[in-house]
Amino acid sequence: MSDSPPPRLPLDWIAASLRRERTRAGLSLSELAKRAGIAKSTLSQLEAAGGNPSVETLWALGVALGVPFSALVEPPAPSVRVIRAGQGPSVASEKAEYMATLLSASPPGARRDIYHLRAEPGAVRESDPHIPGSVEHLIVSTGRMKAGPAGETVELQPGDYMAYRGDVPHSYEALEPGTTFVLVMQHV
């Protein structure tokens, strides 16, 4: 286990998200800064992919824009996304020993089912596609496993996170005895 701090969010994600949401809301830099209670120069710097935004600053901007915090920090989503333990995009607080790591934001109108699963080595659990638009989110608790869409399976260890389409054939395979994981099925 490494003592190095988790990676920070790439500032270009935050900058693009802020510009997108500010434009969508029809607000000027000055108006958004005023509503969020931050300096216009701070907001301008963030939109230029500079600075070092805190949880509090991004939260205030999200509230002023009427969007969840996650809308400002979630990276563009590839078809299969894996976040290794301790490697997720993180933002630190300036007021407490606190680090927020976003794994996945819930899109509007989504329904989610959460499962805690236990699997043992020996047989691959093949799953047929679920309803269209389904996405599965998986976090390994103990053991090791291989999971994902057919042809795109990934080996995962404790603390690793993975997201993939659940509306295509996919599988789960325990690689160690006593493998446990949390599965969140999102139906849009």
Side-chain angles (χ1 to χ4, degrees), residues 1-14 16-17 20-21 55 58 62 67-93 97-188:
M1 186 164 119
S2 171
D3 286 336
S4 62
R8 307 263 314 159
L9 283 169
L11 294 176
D12 56 331
W13 292 350
I14 294 170
S17 297
R20 177 190 69 235
E21 295 301 329
V55 168
L58 293 174
V67 300
F69 173 83
S70 59
L72 301 179
V73 299
E74 186 169 44
S79 63
V80 173
R81 184 173 56 163
V82 175
I83 299 175
R84 302 288 182 194
Q87 294 183 354
S90 300
V91 179
S93 169
E97 203 51 45
Y98 180 86
M99 185 72 67
T101 302
L102 178 67
L103 296 179
S104 174
S106 180
R111 295 174 299 156
R112 287 188 172 173
D113 301 322
I114 302 173
Y115 301 91
H116 183 260
L117 299 148
R118 180 178 183 87
E120 298 294 335
V124 176
R125 164 68 172 101
E126 301 286 344
S127 181
D128 291 329
H130 304 301
I131 61 174
S134 295
V135 176
E136 292 194 0
H137 303 267
L138 188 151
I139 303 170
V140 177
S141 303
T142 59
R144 284 184 315 113
M145 67 182 300
K146 194 182 282 189
E152 294 184 270
T153 58
V154 176
E155 187 171 321
L156 304 166
Q157 300 180 49
D160 288 349
Y161 164 83
M162 178 182 194
Y164 54 92
R165 291 180 52 191
D167 58 1
V168 297
H170 52 284
S171 65
Y172 318 91
E173 178 182 8
L175 301 175
E176 287 183 9
T179 297
T180 61
F181 58 102
V182 173
L183 179 68
V184 178
M185 295 182 69
Q186 172 184 307
H187 310 286
V188 188

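Atoms considered below: every heavy atom in the structure, side chains included; atoms not considered: hydrogens, waters and symmetry mates.
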Original post:
Going from CD on Gln186 to NE2 on His137, what distance comes out if it is rounded to the nearest 0.5 angstrom?
Top reply: 4.0 Å
**OP:** Please determine which of Glu173, Arg118, Met145, Glu120 meets the side chain to side chain contact (heavy atoms under 4.5 Å, CB included) test together with Thr179.
**Re:** Met145
**OP:** Sequence neighbours left out, what pairs pass salt bridge (Lys or Arg N to Asp or Glu O under 4.0 Å) with at least one residue falling in residues 125-142?
**Re:** none
Subject >> Pairing residues for Val67 by the side-chain contact (heavy atoms from CB on, under 4.5 Å) criterion, not counting sequence neighbours >> reply: Glu21, Arg24, Leu65, Ala71, Leu72
**OP:** List the atom of Asp167, the atom of Gly133, and the distance in Å for their closest heavy-atom pair.
**Re:** OD2-N, 2.9 Å
**OP:** List in chain and number order the residues that pass side-chain hydrogen bond (donor to acceptor under 3.5 Å, both in side chains) with Ser171, two or more places apart in sequence or in another chain; answer none if no residue qualifies.
**Re:** none
**OP:** Just jot down the side-chain contact (heavy atoms from CB on, under 4.5 Å) partners of Asp160, sequence neighbours excluded, or say none.
**Re:** Arg84, Ala85, Leu156, Gln157
Original post:
From Leu138 CG over to Tyr161 OH, what is the distance, rounded to the nearest 0.5 angstrom?
Top reply: 9.5 Å
**OP:** Could you walk me through whether Tyr172 and Leu183 pass side-chain contact (heavy atoms from CB on, under 4.5 Å), step by step?
**Re:** CA-CA 11 Å; Tyr172 318 91; Leu183 179 68; 3.8 Å; yes
Original post:
Which heavy atom of Ser141 sits nearest a heavy atom of Pro158, and at what distance?
Top reply: O-CB, 3.5 Å
Subject >> Listed partners of Pro129 passing side-chain contact (heavy atoms from CB on, under 4.5 Å), at least two apart >> reply: Pro169
**OP:** Please report the C-alpha distance between His116 and Val182 in whole Å, then the side-chain angles of each, then the deciding distance to 0.1 Å, and finally whether the side-chain contact (heavy atoms from CB on, under 4.5 Å) criterion is met.
**Re:** CA-CA 4 Å; His116 183 260; Val182 173; 4.0 Å; yes
Subject >> Partner residues of Glu176 under the side-chain hydrogen bond (donor to acceptor under 3.5 Å, both in side chains) criterion, sequence neighbours left out >> reply: Arg144
Original post:
How about Val73 and Ser17: do any of their side-chain heavy atoms sit closer than 4.5 Å?
Top reply: no
Original post:
With respect to Thr153, which candidate in His170, Lys146, Met162 satisfies the side chain to side chain contact (heavy atoms under 4.5 Å, CB included) definition?
Top reply: Lys146
